[in-house]
Student: 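Below is a structure I'd like to ask you about.
Not measured: the values here are computed from a predicted model.
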Amino acid sequence: MRSARPGRLRLGDRVRFENGTYTVVALTGMRVRLADVHGTGMLIDQVHLQAAEDFAVVGTGERAALGSAALLDHLPDEVAKRALWWQRHLVEVLTGLPPDAPQGALPRPEYDPARRSLAERERAKAAELVGQGEEVSARTVKRKRQRYEAGGVAAVVDRRLAPHASLLGRADPRVVTAIRQAIAESVPASTRTIEYARWRTGRILAAEHGEDVVELPSRATFYRLFAKLSGGVPVTGSARTRQSLANQPEGPFRYELVAAPGELMQIDSTPLDVLVRLDEGVTGRVELCGLVDVATRTVAAAVVRPTTKSVDASLLLARALTPEPMRPGWLDALKMSRSVLPHRRLLSLDERLEHAAARPVIIPETIVCDRGKAFISENFRSACRTLEITFQPCHPRSPAEKPHIERTLESVATMFCQFFPGYLGRTAEHRGRNVEDEPLWSMLEIQEFLDEWLIAEWQNRSHDGLRDPGSPGRTFTPNQKYASLLESAGYVPLALTGDDYVELLPATWRAVNSYGIKINHRVYDSADLGPFRRQPSGVARKKDLWEVHRDPYDASWIWVRNHWADGWVPVPWRHLGTVPQPFGDLAWDHAAADLRQRGESDPTEEQITQAVADLLIRANKGPASNGTRRPSRRDRRVASRTKAAAEHSGPRLPRPETVLSGTDDLPPHDIEEDDEDEELGDVPDGPVAEVIPLGVFDPFKEADKRW
């Protein structure tokens with residue numbers, strides 16, 4: 001048989017020996033059979049051949065393919081057994097001994113390469129098989145032997161039974177071209193059935209070659225041909241999957257070797273698969289915007305917003321640079337001081353980590369994002385320039401260029417959102433009934449749960465992508481990977497000041513008038529604007545307007561850049577004192593006081609697991625079952641009468657403190673509860689009648705009616 005190792009004699013090699021040129025036609029043990037151009041052969045010992053003075057290899061024959069024996073696993077048992085049966089006989093023809101011959105066995109005389117030529121051995125094998133009842137000729141044995149030498153045991157298999165022997169069979173090439181065109185047209189289009197593809201193929205053939213020129217295959221034949229040609233394109237499946245596969249690059253995916261936290265980070269946003277309770281009891285969906293570190297898979301920051309704007313992307317960078325503070329109600333096991341992170345060493349460099357939760361602070365160096373309006377906006381680009389971050393947008397419709405954030409947001413949907421009431425599922429077909437009637441959390445409450453879940457579950461969960469080449473069998477958590485990379489990458493804190501946060505807000509350009517600054521029909525004014533009123537800013541390219549930064553989610557304040565000097569001028573809304581404030585300092589002061597009273601110890605894995613379990617249980621109960629006291633019947637009655645009195649259009653009663661001032665001299669027993677009930681009026685305890693609301697007039701629907 002042919003040698004598979006280079007540098008040795010093989011069948012087909014041409015050698016020079018004793019002033020002549022010969023071809024190696026057989027190799028048997030340590031003997032070599034040579035044949036000249038006239039067919040005259042000789043059998044010579046290999047050692048004697050290579051020891052000759054004029055011996056040289058003047059040409060090598062084509063190396064035979066080893067073939068694929070694994071192909072037999074995909075064949076029927078009878079076909080595979082037949083191929084192995086032929087292999088045994090062909091090996092005996094080539095070497096004189098079958099593959100299963102015991103050590104030291106001698107070849108049979110009719111198959112001895114030293115006594116019989118290859119043609120004689122082939123005729124002997126054919127005669128032997130005929131004697132066993134096989135209809136085999138010497139020509140068949142020769143053909144099988146040549147195929148075996150060229151492709152191994154797989155080449156001996158009958159080609160009609162081999163898988164993928166002919167992908168398209170005898171299909172008309174014009175039909176194949178038309179089907180390929182129909183498949184290509186289905187990629188950006190909506191999902192349709194194979195029957196539509198068959199109709200479309202017929203129309204393409206008619207347009208290209210004329211009516212009834214090319215015959216369309218039968219339905220069964222077309223279905224089989226269409227299945228072979230569509231391959232990995234889900235023509236009748238998900239349109240999203242089909243388009244995503246089409247947008248992938250043709251070449252192999254490039255593996256980014258990242259060796260330090262923050263070296264490469266990815267940002268993206270996606271609709272959250274949970275209904276939330278908005279103002280006035282309105283239900284709606286919100287978006288999740290996240291920033292993930294590729295080296296450690298750490299979610300450096302994640303925010304929930306009604307819609308992702310440029311300010312959200314910019315403030316997301318600020319959250320990544322700021323330690324996550326411990327919140328009231330969080331377990332001590334979530335502290336950074338009780339995690340695998342090197343808290344003591346980091347605390348000596350950054351004092352902000354004293355009461356921080358177990359989430360690393362990562363400073364981005366390069367951020368990869370898609371071409372969403374929030375990420376390619378001038379405000380986000382300016383924020384990256386301010387923080388000296390390299391901004392790297394992806395190609396259009398190329399989610400494969402930022403796979404880590406895509407998979408992270410999908411994992412949040414499957415591992416976090418499904419535990420909440422109001423879970424919608426990833427598509428409409430996975431959505432339940434009356435989801436909007438479930439007790440829903442507000443957007444701020446969802447944000448609180450998300451922050452706690454990322455620290456308790458995500459940062460302590462092993463990721464398959466976090467492995468060490470030295471120990472590939474072990475997976476790491478994001479916190480463990482960050483702690484290991486910190487030894488080589490180091491840590492340099494970057495504390496943001498108040499002016500830095502203002503820089504991250506979106507900017508607009510306005511004139512400072514006598515009454516102040518007007519933005520979206522709101523007037524902002526303060527005494528500090530006195531020197532700037534009706535004055536040019538000196539920025540000629542902006543027509544001498546003043547740079548104003550504002551928060552789209554908080555209309556209370558704006559900040560005006562002082563172009564004549566450094567710094568910002570905060571300006572409040574003119575009606576700031578007449579509207580209630582949705583946020584205050586009470587929660588922040590309470591959290592700071594609670595953090596000062598907490599101690600430090602090492603958490604266990606059981607404690608962290610229990611924290612995650614308690615978090616998911618609390619989230620799944622919903623706000624209605626969160627332990628709050630249900631108002632009594634008397635409380636509801638008083639509230640309803642108070643609301644009715646507030647909606648009364650008649651004369652207003654005096655303020656409550658004026659009325660109560662006249663009752664200070666009354667004895668306590670003179671104010672009886674029964675008298676109060678009589679004053680309020682007894683409400684019957686029977687069933688309440690169903691309230692049928694009036695319809696809302698819709699002019700568009702009225703216009704569509706047919707009178």
Side-chain angles (χ1 to χ4, degrees), residues 190-191 238-244 247 265-292 299-317 319 367-377 380 393-394 396-454 457-458 552-553 616 619-620 622-623:
S190 301
T191 301
S238 171
R240 177 181 178 182
T241 303
R242 185 170 60 250
Q243 296 167 7
S244 178
N247 291 332
M265 305 187 75
Q266 299 174 359
I267 187 173
D268 197 8
S269 63
T270 184
L272 202 64
D273 297 333
V274 176
L275 284 178
V276 300
R277 186 184 72 253
L278 302 176
D279 295 339
E280 304 297 334
V282 178
T283 62
R285 297 187 65 176
V286 293
E287 290 187 1
L288 171 64
C289 185
L291 179 67
V292 65
V299 179
V303 295
V304 179
R305 288 291 182 264
T307 56
T308 302
K309 298 182 179 181
S310 60
V311 63
D312 301 323
S314 300
L315 294 182
L316 201 65
L317 301 178
R319 290 199 61 174
I367 290 184
V368 178
C369 63
D370 57 17
R371 295 186 177 270
K373 293 182 178 180
F375 304 125
I376 63 173
S377 62
F380 184 68
C394 298
R397 299 179 300 277
S398 300
E401 297 182 2
K402 50 180 182 60
H404 300 90
I405 185 61
E406 295 283 349
R407 188 64 183 91
T408 299
L409 296 180
E410 183 179 352
S411 299
V412 171
T414 56
M415 300 172 56
F416 174 72
C417 297
Q418 62 179 342
F419 292 94
F420 281 80
Y423 177 61
L424 300 174
R426 63 179 184 270
T427 59
E429 61 179 315
H430 295 85
R431 188 170 304 169
R433 295 182 179 179
N434 302 323
V435 180
E436 63 278 358
D437 296 335
E438 298 178 1
L440 305 178
W441 296 99
S442 66
M443 185 181 67
L444 297 180
E445 291 168 331
I446 293 289
Q447 181 70 60
E448 290 287 337
F449 279 116
L450 178 62
D451 294 338
E452 185 177 359
W453 180 82
L454 289 175
E457 168 66 11
W458 183 266
Y553 299 111
L616 298 179
N620 186 255

Student: For the CZ atom of Arg242 and the OG1 atom of Thr191, what is their distance to the nearest 0.5 Å?
Tutor: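 Answer for the CZ-OG1 pair, Arg242 versus Thr191, is 4.0 Å.
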Student: Rounded to the nearest 0.5 Å, what separates atom NZ in Lys373 from atom CD1 in Ile376?
Tutor: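 With rounding to 0.5 Å, NZ (Lys373) is 9.0 Å from CD1 (Ile376).
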Student: Would you give the length of the straight line joining atom CD of Glu287 to atom OG1 of Thr270, rounded to the nearest 0.5 angstrom?
Tutor: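 Between atom CD of Glu287 and atom OG1 of Thr270 there are 7.5 Å.
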Student: My understanding is that only one of Arg431, Glu436, His430 makes a side-chain contact (heavy atoms from CB on, under 4.5 Å) with Leu424; could you say which?
Tutor: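 When side-chain contact (heavy atoms from CB on, under 4.5 Å) is applied between Leu424 and each of Arg431, Glu436, His430, only Arg431 qualifies.
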Student: In terms of the angle between their ring planes, are Phe420 and Trp441 parallel, tilted or perpendicular, with boundaries placed at 30° and 60°?
Tutor: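 Aromatic pair Phe420/Trp441 classed perpendicular.
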Student: Around Arg240, counting heavy atoms of other residues, nucleotides and ligands shown, do more than 12 lie under 6.0 Å from its CZ?
Tutor: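 No, not enclosed.
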Student: Would you confirm whether Gln266, through its side chain, and Ile405, through its main-chain N or O, come within 3.5 Å as a donor-acceptor pair?
Tutor: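 Indeed, once roles are kept as given, a pair shorter than 3.5 Å links the two residues.
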Student: Any donor-acceptor pair under 3.5 Å linking the side chain of Arg319 with the backbone of Ala300?
Tutor: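 A pair under 3.5 Å: no.
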Student: With side chains defined as the heavy atoms from C-beta onward, is the minimum distance between Leu454 and Leu450 less than 4.5 Å?
Tutor: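 Result yes, sub-4.5 Å side-chain heavy-atom pair found.
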Student: Taking the side chain as every heavy atom from C-beta outward, state whether Arg305 and Cys289 have any atom pair closer than 4.5 Å.
Tutor: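 Heavy-atom side-chain distance check fails, nothing below 4.5 Å.
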Student: Considering only heavy atoms from C-beta outward, does the side chain of Phe449 approach that of Phe416 to under 4.5 Å?
Tutor: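 Yes, close enough: below the 4.5 Å cut-off.
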Student: How many angstroms lie between atom CG of Asp312 and atom CG of Leu288, to the nearest 0.5 angstrom?
Tutor: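 Rounded to the nearest 0.5 Å, the CG-CG separation comes out at 11.0 Å.
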Student: Is the closest side-chain heavy-atom distance between Arg285 and Leu275 below 4.5 Å?
Tutor: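 Sidechains of Leu275 and Arg285: in contact.
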Student: Less than 4.5 Å apart, any side-chain heavy atom of Val286 and any of Ile446?
Tutor: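 They are not in side-chain contact.
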Student: Heavy-atom distance under 4.5 Å between the side chains of Met415 and Trp453, does that happen here?
Tutor: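 Yes, their side chains come closer than 4.5 Å.
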Student: Using side-chain contact (heavy atoms from CB on, under 4.5 Å) as the criterion, list what pairs up with Glu410, not counting sequence neighbours.
Tutor: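 Residues passing side-chain contact (heavy atoms from CB on, under 4.5 Å) with Glu410: Arg407.
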Student: Under a 3.5 Å distance rule, please check whether Gln447 uses its side chain to pair with a backbone N or O of Ala302 as donor and acceptor.
Tutor: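 Indeed, once roles are kept as given, a pair shorter than 3.5 Å links the two residues.
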Student: Given side-chain contact (heavy atoms from CB on, under 4.5 Å), test Val368 with Glu401 step by step and report yes or no.
Tutor: CA-CA 8 Å; Val368 178; Glu401 297 182 2; 5.5 Å; no
Student: Nearest 0.5 Å please: distance from the OG1 atom of Thr414 over to the CG atom of Asp273.
Tutor: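 Those atoms lie 9.5 Å apart.
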Student: Just so I know, are the side chains of Phe380 and Leu317 near enough to count as touching, which here means a heavy-atom distance under 4.5 Å?
Tutor: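 Yes - at least one pair of side-chain heavy atoms lies under 4.5 Å apart.
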Student: Within a strict 4.5 Å, meaning less than it, do heavy atoms of the Ile267 and Leu291 side chains meet?
Tutor: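 Touching, per the 4.5 Å side-chain cut-off.
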